[in-house]
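Quick notes on the structure that follows.
FYI, side chains are in, hydrogens and waters are out, and symmetry mates aren't considered; it's all heavy atoms of this structure. Each residue takes its place number in the sequence, starting with 1.
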Amino acid sequence: MTPALSNLQINSDRLWSTILETAQFGGTPKGGVRRLALSEEDRQVRDWFRAACEAAGLAVSIDQLGNMFALRPGKDAGKAPLGIGSHLDTQPTGGKFDGILGTLAALEVVRTLNDAGIETEAPLCVINWTNEEGSRFAPAMMGSAGHVADLPLAEILARTDAEGVSVGEALDAIGYRGEAPLGAQKLGGFLELHIEQGPILEAENLTIGVVEHGQGIIWYDGRITGFESHAGSTPMHLRKDALATLSEIVLAVETLAVELGPNAVGTVADIAIARQSRNVIPGEITFAAEFRTPDAGILAALDKGLQAAVARIAERRKVSVALDTIWRKEPTHFDPAITGAVAQAAQKLGLSHRPMVSGAGHDSFHLATIVPTGMIFVPCKDGVSHNELESATQADCAAGANVLLHAVLALAGDGGKA
């Protein structure tokens, strides 16, 4: 790499400006962002992103799930593009960095290369994956799952939100059901920049996380069917209380995660009591549950343990419990060549760094099943994410984007002046 290239830096002010500008699409009074997948706000930011990519000279294509691919040619058209990017959708009470930092940093890498007149050997592809969050449509990382054929297109398009709107209907409503076949955009690798969504980098006063592994995840949808009866006249030993049953399941999830820890976590959320009244014993409840761990053996043990616990609890309480596994992703191991390029870029730029495991799920987990993949983390304040208080500094965002830039030059080849 020439001295000029080794000193190349992204435009920090320009990147920061795009972060603040796009935060207006779905911006909340508390400074966060509510931009659910395939909503009107998502359409607005997608339109902005498409226009920005085209202004940077990229050719934008959209597949049948709304995944957006912005292609920059390389000197060797025979090489598969290096994918860089993340997602634009947020949680209902999300922040302005989760996901979109990686997408905007990828755009900034292209803008920086354009400014410097540099053409990489391999093409580059800036990507926005559809419905990474999974907050409106389950499961999460839906667009990347479809891209790698982890889920069939028809099944994804048929998934519905809480109002009964399907993915296909939502894509049509915002005009982002593309014509490109799912998986048609081939990639030679993928690299994603993201805020850590945890406290480690900040606590250790480090700037860059070199992500080597990702946790395995199991998502469940549960339904408990007991019997609604009068709260005052039904003796305790004759009750079929769905809520009391759920309380035991919650504790079973917690106990399993603790006993099989320390590298395991379990959560129960999204609880809904049907036809609830203060003097009626709850008879029907739906809930969501999940486990995460970077160890495949522990993930299997967590699943087996919960299934057995649910069966015991249901039998003893004489209720029916349906526990459906709606998504399972085994632990991810990122490509050593990609993670090595990230570590070398951080080292060259004089940025403090460490190897890490991702506690959150990311589109990179799916991409890693078909192409060499890696991730870069930067700190977020107090480790807070999926919250309107989510925050990261301009300096850290720029540092992550510079690591992305130099890793891209190493992986895609610094072909020199265009």
Side-chain angles (χ1 to χ4, degrees), residues 91-94 133-140 161-162 197-199 215-231 234-331 359-361 383-387:
Q91 290 287 325
T93 53
E133 294 291 357
S135 56
R136 182 182 180 191
F137 301 102
D161 65 10
Q197 300 182 282
Q215 294 201 106
I217 305 173
I218 304 178
W219 275 13
Y220 306 93
D221 276 352
R223 178 181 296 276
I224 304 169
T225 305
F227 190 77
E228 294 165 350
S229 57
H230 198 290
T234 308
M236 297 301 291
H237 70 285
L238 295 179
R239 297 184 178 208
K240 296 181 179 179
D241 190 327
L243 184 57
T245 301
L246 177 62
S247 69
E248 288 199 49
I249 293 173
V250 171
L251 290 175
V253 168
E254 181 182 57
T255 299
L256 284 163
V258 171
E259 290 180 348
L260 294 172
N263 296 317
V265 292
T267 305
V268 176
D270 198 14
I271 298 163
I273 302 174
R275 301 172 298 278
Q276 55 185 313
S277 171
R278 67 181 303 129
N279 60 352
V280 175
I281 298 164
E284 184 177 333
I285 291 179
T286 58
F287 66 96
E290 68 163 52
F291 286 120
R292 303 188 190 210
T293 175
D295 187 300
I298 291 176
L299 191 67
L302 289 164
D303 181 44
K304 182 179 180 180
L306 181 60
Q307 300 285 357
V310 165
R312 290 193 302 270
I313 294 165
E315 182 179 10
R316 176 164 43 79
R317 288 191 169 271
K318 297 181 174 57
V319 301
S320 171
V321 181
L323 188 67
D324 299 323
T325 303
I326 65 165
W327 181 46
R328 179 167 181 156
K329 193 79 182 70
E330 295 301 315
V384 171
S385 185
H386 287 190
N387 188 298

Compare every heavy atom of Ala242 with every heavy atom of Gly226, then report the nearest pair and how far apart it is. N-CB, 4.4 Å

Pair His386, Glu133 - check side-chain contact (heavy atoms from CB on, under 4.5 Å), show working. CA-CA 9 Å; His386 287 190; Glu133 294 291 357; 3.2 Å; yes

Sidechain-backbone polar pair: Gln197 side chain, Ser385 backbone, donor-acceptor under 3.5 Å: no

Does the side chain of Thr293 pick up a donor-acceptor pair with the side chain of Asp295 at under 3.5 Å? no

For residues 299-306, tabulate all N or O donor-acceptor pairs below 3.5 Å that involve a side-chain atom, not counting sequence neighbours.
unit_1: Asp303; atom_1: OD1; unit_2: Tyr220; atom_2: OH; d: 2.7
unit_1: Asp303; atom_1: OD2; unit_2: Arg328; atom_2: NH1; d: 3.4

Any side-chain heavy atom of Asp221 within less than 4.5 Å of one from Thr286? no

Gly359 versus Gln215, closest heavy-atom pair with distance: O-NE2, 2.8 Å

Is the shortest side-chain heavy-atom distance between Val253 and Leu256 below 4.5 Å? no

Measuring from Lys318:NZ to Lys240:NZ, what's the distance to the nearest 0.5 Å? 8.0 Å

Is the shortest heavy-atom distance from the side chain of Ile218 to the side chain of Trp327 under 4.5 Å? no

Checking side chain to side chain contact (heavy atoms under 4.5 Å, CB included) between Ser320 and each of Ile224, Thr225, Thr245, which is the one that passes? Thr225

Rounded distance [0.5 Å steps], CG in Leu246 versus CD1 in Ile271: 5.0 Å

Is the backbone N or O of Ala252 less than 3.5 Å from a side-chain atom of Thr255, with the two atoms forming a donor-acceptor pair by type? no

Name the residue from Ile249, Ile273, Val319, Asp241 that meets the side chain to side chain contact (heavy atoms under 4.5 Å, CB included) definition with Ile285. Ile273

Taking every heavy atom of Pro294 against every heavy atom of Pro331, the minimum-distance pair comes out as O-CB, 3.3 Å

Show the nearest heavy-atom pair for residues Leu243 and Pro282, with the distance to one decimal. CB-CG, 3.8 Å

State, with a plain yes or no, whether a side-chain heavy atom of Val310 is found less than 4.5 Å away from one of Gln307. no

To the nearest 0.5 Å, tell me how far Arg239 CZ sits from His230 NE2. 10.0 Å

Minimum side-chain heavy-atom gap Phe287-Leu323 below 4.5 Å: yes

Spacing of CD1 belonging to Ile326 relative to CD belonging to Glu290, to within rounding of 0.5 Å: 10.0 Å

Can you sort out the partners of Arg317 under side-chain hydrogen bond (donor to acceptor under 3.5 Å, both in side chains), two or more places apart, ordered by chain and number? Glu248

Nearest 0.5 Å, please: how far is CZ in Arg292 from CH2 in Trp219? 7.0 Å

Closest approach of Ala231 and Ile281, non-hydrogen atoms and distance? CA-CG1, 4.1 Å

